[in-house]
Amino acid sequence: MSIAYREALESSVPYVPARTVRSLKEELHVDKIIKLAGNENNLGSSPSIIDALLNYRDEYSRYPDFANTELLIRLTKALNVKDDQLIFGNGSFELITIIANTYLNAGDESIYAEPSFGWYKNVTLQAGAIPVAVPVNNDHAVDLDKILQAITGRTKIIWICNPNNPTGTALNQKELTSFLSKVPDHILVVLDEAYIDFYAGSDRPDTTALIQKYDNLISLRTFSKLYGLASLRLGYGISNPTIIRDLHRVKTPGNVNAAAQVAGAAALDDHEFTAKVLENNRSGLALYYDTLEDLGLEYIPSNGNFIMINTGLDSDQVVSEYLKHGILLRGGNEFGMPGWLRITIGTEEENKLVLEILKEIIKTGPK
Ligand SMILES: Cc1ncc(COP(=O)(O)O)c(C=O)c1O
């Protein structure tokens with residue numbers, strides 16, 4: 001006899017991540033896979049984390065610092081917030097789950113843009129709440145007016161991914177301020193800023209100022225992108241002390257392991273590495289823009305470490321074609337954007353290779 005899971009989970013399906021490099025190597029019998037499907041950092045991570053982890057080795061038998069003191073010291077200073085305004089998570093995936101488990105009752109509605117990061121829908125369904133997807137506008141940007149129109153008496157959370165994964169569009173300070181001033185203050189707005197470090201436009205959102213002004217706002221950040229620490233699982237939330245205290249009702253003690261804390265603190269200190277990552281992303285995007293314009297292909301200018309391209313071909317077939325070359329990309333079908341590809345910006349060499357293959361595919365079609 002199987003044990004019945006909670007009724008709410010009837011409609012909740014497991015999240016589908018990008019394939020792992022290991023499973024693909026085994027399946028394709030190749031030595032090397034270039035993974036550009038998970039928006040990870042293909043420059044790796046700061047070399048300084050190695051010494052930091054080695055120096056910590058005598059402490060691995062101890063529980064981690066449950067208060068995340070080193071990270072707290074650095075981040076409160078960098079963000080100009082107080083200790084009780086931060087919460088740490090096992091990646092921002094976990095923080096999104098914690099938020100849903102703290103605030104969503106069965107039957108509540110949670111609103112998010114579509115396409116956007118898929119986990120907002122999963123956690124909504126897990127809570128027995130109702131997902132409300134609002135399509136992005138014709139420029140593929142999160143449509144704040146439509147989101148405001150979707151608010152009902154049952155709305156509890158609005159998830160705004162900024163910059164938006166997968167479209168790469170971004171909302172600026174003015175747009176967010178205008179939006180927040182119209183959202184009733186009993187609705188929580190979650191600003192998922194996983195890619196904010198790659199923001200390319202002007203009038204970049206001043207998250208700390210927004211949080212000081214709006215009591216129903218939380219921002220989420222991650223060490224998985226700019227800092228290249230995706231495997232260690234480290235993210236944090238910035239909000240007001242009341243929301244942070246509420247979230248601690250749900251948070252597991254010691255959810256952030258010691259290796260993540262130690263490496264995270266070292267990574268924050270290495271400005272040389274982050275400058276290199278940002279410059280690589282800027283020049284990588286510029287190469288994509290130039291080449292795609294030459295090819296006459298549509299793309300969405302990106303504020304992330306990835307780019308969406310409209311190949312005009314069946315994207316599943318294009319993804320398969322790339323796999324033959326050992327390159328893993330994300331097809332647009334899963335985002336409701338058939339014909340499109342989402343490509344993580346890689347090293348210069350990787351970007352050039354992706355574009356060479358694209359030229360070939362456009363010329364001859366997927367084989
Ligand atoms: C928009 C967005 N939010 C959150 C996450 C999860 O990040 P983390 O690695 O911190 O769990 C991702 C991962 O790709 C993402 O794209």
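Scope of the values below: all heavy atoms of this structure, side chains included, with no hydrogens, waters or symmetry mates. All ligand and atom numbering here is 1-based and tracks the order in the structure.
- Using cut-offs of 30° and 60° for the angle between ring planes, the Tyr63 and Phe66 rings count as perpendicular.
- Short contacts between ligand 1 and Arg233, defined as distances under 4.0 Å to a heavy atom of the residue, involve ligand atoms 8 (P), 9 (O), 11 (O).
- Distances from ligand 1 to the non-hydrogen atoms of Trp119 include no value under 4.0 Å.
- The protein atom (non-hydrogen) at minimum distance from atom 9 (O) of ligand 1 is Ser224 OG, 2.6 Å.
- At a heavy-atom cutoff of 4.0 Å, ligand 1 is contacted by the side chain of Phe117 but not by its backbone.
- Within the 4.0 Å heavy-atom criterion, the part of Lys225 lying near ligand 1 is the side chain and not the backbone.
- Taking the six-membered ring where the residue is Trp, Tyr289 and Tyr299 present parallel rings, their angle staying beneath 30° rather than reaching 60°.
- Ligand 1 has at least one atom lying under 4.0 Å from a heavy atom of Asp192.
- Within a 6.0 Å radius of NZ in Lys35, other residues, nucleotides and ligands contribute more than 12 heavy atoms.
- Near Thr222, the atoms of ligand 1 lying under 4.0 angstrom from a non-hydrogen atom of the residue are 8 (P), 9 (O), 10 (O).
- Proximity of Cys161 to ligand 1, defined as any heavy-atom pair under 4.0 Å, is confined to the side chain (atoms from C-beta onward).
- Connection of Ile160 to Val190 is not established within any shared hydrophobic cluster, with ILVMFWY side chains joined at heavy-atom distances below 4.5 Å, either directly or through further cluster members.
- Ligand 1 has an N or O atom lying under 3.5 Å from an N or O atom of Phe93, backbone or side chain.
- Using a 4.0 Å cut-off between charged side-chain N and carboxylate O, Glu349 and Lys352 make no salt bridge.
- If you check the side chains of Thr169 and Asn164, you find no donor sitting under 3.5 Å from an acceptor.
- The heavy-atom pair separating Lys251 from Ile98 by the smallest distance is CG-CD1, 3.8 Å.
- Within the 4.0 Å heavy-atom cutoff, Ser92 counts among the residues contacting ligand 1.
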